[in-house]
> 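Can you keep this structure in mind? I'll have questions shortly.
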Amino acid sequence: MKAASALKALINMDDGVLMRGAFYLLLAAAAVFLVIDIREISTAEAARPGLETLPDVPIFLPPTTVPEAPGAPPVQPSSPEEVLRKPMTFNLVSGGVLVAEGTIEPGAAGRFASEVEARGEYIKLVSLNSPGGSVDDAIAMSKLIRERNIATKVAEKALCASSCPIVFAGGATRSAEKDAVVGVHQVFNAGIDRPSPEQAMSSAQATTARVARHLDEMGIGAGLWIHALETPPNQLYYLTRAEMSEYRLTTDATPVAGNSAG
C-alpha cells in the first residue's frame, strides 16, 4: 500500500518539481565524482617525485675500471660516488684550506660566496674534489677565487672534472698533486626542459663561448678547451701532468698576474 501511494504521489507531482529534483540529483552525483577525481589526482601527485628531488645537473663520473682500460681515468678517484654526487660542501681545515667537495649544483656559487664572505681572511687555498655541474656557478666561483687571490689545488686521487676545472682555473696559483684526476668534456644542456635541437645547439655554443672567454681571461691555454670540445659529454678527457702545465692550468706556485674579476 505504501509503495502504491508513493507511486501515485510521484505521478501526480508537478513536472517542474520533477525537473528540479532530477537536477539536484545529477548535481549531487557530479560532486561525488569530483571528490573522487580530486583524491585520485592528489594520490598521483604525492607518488610523483617533486621537482626538487629531480637531478638538475646530470653528472658523469669516471667509470670504475682498471686504469689501462679505454676511457678509464689514470687512477680511480678515492671518494665514493655518493660523496661526489651530493651538493657541494665547504669545510675549512687547518692551514687555511677550504675543502670544496661534491657536485656544483645550481646555487653553489652563492653558498661559496657566503663562505668566503664569512671566513675570507682565513681561506688561503681551495682544495677541489668535484665531478662538476653547473657551468654558471663554476664561472662565478672561479672569478671570486681570482678576485680574492686564493690558490686552488686538486689533491692526490681527488677528482676535478667537467666544470670543476673552470673553478680550478681561478686560482692565483694552481697545483695538482700526483695522481690527481682532472678531466674535461663538452658542455651540454643540464636543465629539465626539453629544448629543440636548434635551441640546444644555440645554448651549447653560447656556453662554450663564455667558458672559452673565461679561461682565456684566467690565462689558460686554448689547448685545454680544444680537448673539451673534442670529448662527448658522456666521456672525459683526462689531462696529464705535462698537459696541465703546458696549458697553464697548473702553475709553478708563482701568482698569476692580473685580476679578471668583474
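Please read all numbers here as calculations on a predicted model, not as lab measurements. Throughout, residue positions are numbered sequentially from 1 according to the sequence presented. Just so it is clear, the values below take in all heavy atoms, side chains as well, and ignore hydrogens, waters and symmetry mates.
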> Do you reckon Leu61 sits in the same ILVMFWY cluster as Tyr238, going by side-chain contacts under 4.5 Å, direct or chained?
yes
> Just by distance, do the side chain of Thr103 and the backbone of Leu84 share a donor-acceptor pair under 3.5 Å?
yes
> Keeping Arg241 on the side-chain end and Glu177 on the backbone end, is there a donor-acceptor pair under 3.5 Å?
yes
> Are Tyr237 and Glu243 linked by a side-chain donor-acceptor pair shorter than 3.5 Å?
yes
> Restricting to non-hydrogen atoms, name the atom on Ala158 and the atom on Leu128 that form the minimum distance, rounded to 0.1 Å.
CB-O, 3.7 Å
> I'd like to know whether CD of Glu117 has more than 12 heavy-atom contacts from other residues, nucleotides or ligands below 6.0 angstrom.
no
> Val83 versus Lys86: any side-chain heavy-atom pair under 4.5 Å?
yes
> Suppose we screen for ring pair (Phe, Tyr, Trp, His ring centres under 6.0 Å). Which residues come up paired with His185, at least two apart in sequence or across chains?
Phe188
> Keeping Gln186 on the side-chain end and Leu229 on the backbone end, is there a donor-acceptor pair under 3.5 Å?
yes
> How long is the straight-line distance from CD1 of Ile220 back to CE of Met244, given to the nearest 0.5 Å?
11.5 Å
> Check whether Thr250 reaches the backbone of Ser175 with its side chain - one donor and one acceptor, N or O, closer than 3.5 Å.
no
> So, using side chain to side chain contact (heavy atoms under 4.5 Å, CB included) as the criterion, who are the partners of Ser78 when residues are at least two apart?
Lys157
> Donor-acceptor check, side chain of Arg174 to backbone of Gly171, threshold 3.5 angstrom: yes or no?
yes
> For the residue pair Val167 and Thr152, establish whether any side-chain heavy-atom pair is separated by less than 4.5 Å.
no
> Taking Leu92 as the starting point, is it possible to reach Val116 by hopping between hydrophobic residues whose side chains are less than 4.5 Å apart?
yes
> Test of understanding: with salt bridge (Lys or Arg N to Asp or Glu O under 4.0 Å), list the residues that count as partners of Glu121, not counting sequence neighbours.
none
> Quick one: does Val184's side chain get under 4.5 Å of Thr231's, heavy atoms only?
no
> Do Val182 and Pro165 come within less than 4.5 Å of each other through their side chains, counting heavy atoms only?
yes
> Does one hydrophobic cluster hold both Ile123 and Val99, with members joined at side-chain heavy-atom distances below 4.5 Å?
no
> List for me each residue that meets ring pair (Phe, Tyr, Trp, His ring centres under 6.0 Å) alongside Phe112, sequence neighbours excluded, and say none if there are none.
Phe90
> Quick one: side-chain hydrogen bond (donor to acceptor under 3.5 Å, both in side chains) partners of Glu101, sequence neighbours excluded?
Asn129
> Residues two or more places apart in sequence or in another chain: which of them pass side chain to side chain contact (heavy atoms under 4.5 Å, CB included) with Glu246?
none
> For Met88 versus Ala100, what's the shortest heavy-atom pair and its separation?
SD-CB, 3.9 Å
> Output the distance between atom CD1 (Ile139) and atom CD (Glu217), rounded to the nearest 0.5 Å.
9.5 Å
> Determine which pairs satisfy ring-ring contact (aromatic ring centres under 6.0 Å, His included) with at least one residue from residues 115-159, sequence neighbours left out, and list them in order.
none
> Holding to side chain to side chain contact (heavy atoms under 4.5 Å, CB included), I want the full list of residues that pass it with Ala109, two or more places apart in sequence or in another chain.
Asp137, Ala140, Met141
> Given the rule that I, L, V, M, F, W and Y join up when any side-chain heavy atoms are under 4.5 Å apart, are Leu125 and Met218 in one cluster?
no
> Roughly how far, to the nearest 0.5 Å, is the CG atom of Leu215 from the OH atom of Tyr247?
13.0 Å
> How long is the span from the CG atom in Leu98 to the NZ atom in Lys153, to the nearest 0.5 Å?
12.0 Å
> Out of curiosity, Ser163 OG to Ile104 CD1, how far, rounded to the nearest 0.5 Å?
4.0 Å
> Are Leu159 and Pro62 close enough that some pair of their side-chain heavy atoms sits under 4.5 Å apart?
yes
> Tell me every residue that passes side-chain hydrogen bond (donor to acceptor under 3.5 Å, both in side chains) with Glu81, counting only those two or more places apart in sequence or in another chain.
Arg85
> Could Arg111 and Glu115 be called an ion pair, given the rule that one side-chain N must be under 4.0 Å from one carboxylate O?
no
> Which atom names give the shortest non-hydrogen contact between Gly133 and Ser162, and what distance separates them?
N-OG, 4.4 Å
> For the residue pair Pro63 and Pro73, establish whether any side-chain heavy-atom pair is separated by less than 4.5 Å.
yes
> Check for me, please, whether Leu249 and Ile150 land in the same ILVMFWY cluster - side-chain distances under 4.5 Å, paths through other members count.
yes
> With sequence neighbours left out, which residue pairs that include part of residues 139-166 fulfil the ring-ring contact (aromatic ring centres under 6.0 Å, His included) condition?
none
> For residues 130-177, which residue pairs qualify under ring-ring contact (aromatic ring centres under 6.0 Å, His included), counting only residues two or more places apart or in two chains?
none
> Could you tell me whether the side chain of Ser142 and the main chain of Gly170 form a donor-acceptor pair under 3.5 Å?
yes
> Tell me, please, which residues at least two apart from Asp136 pass side chain to side chain contact (heavy atoms under 4.5 Å, CB included).
Ser134, Arg210
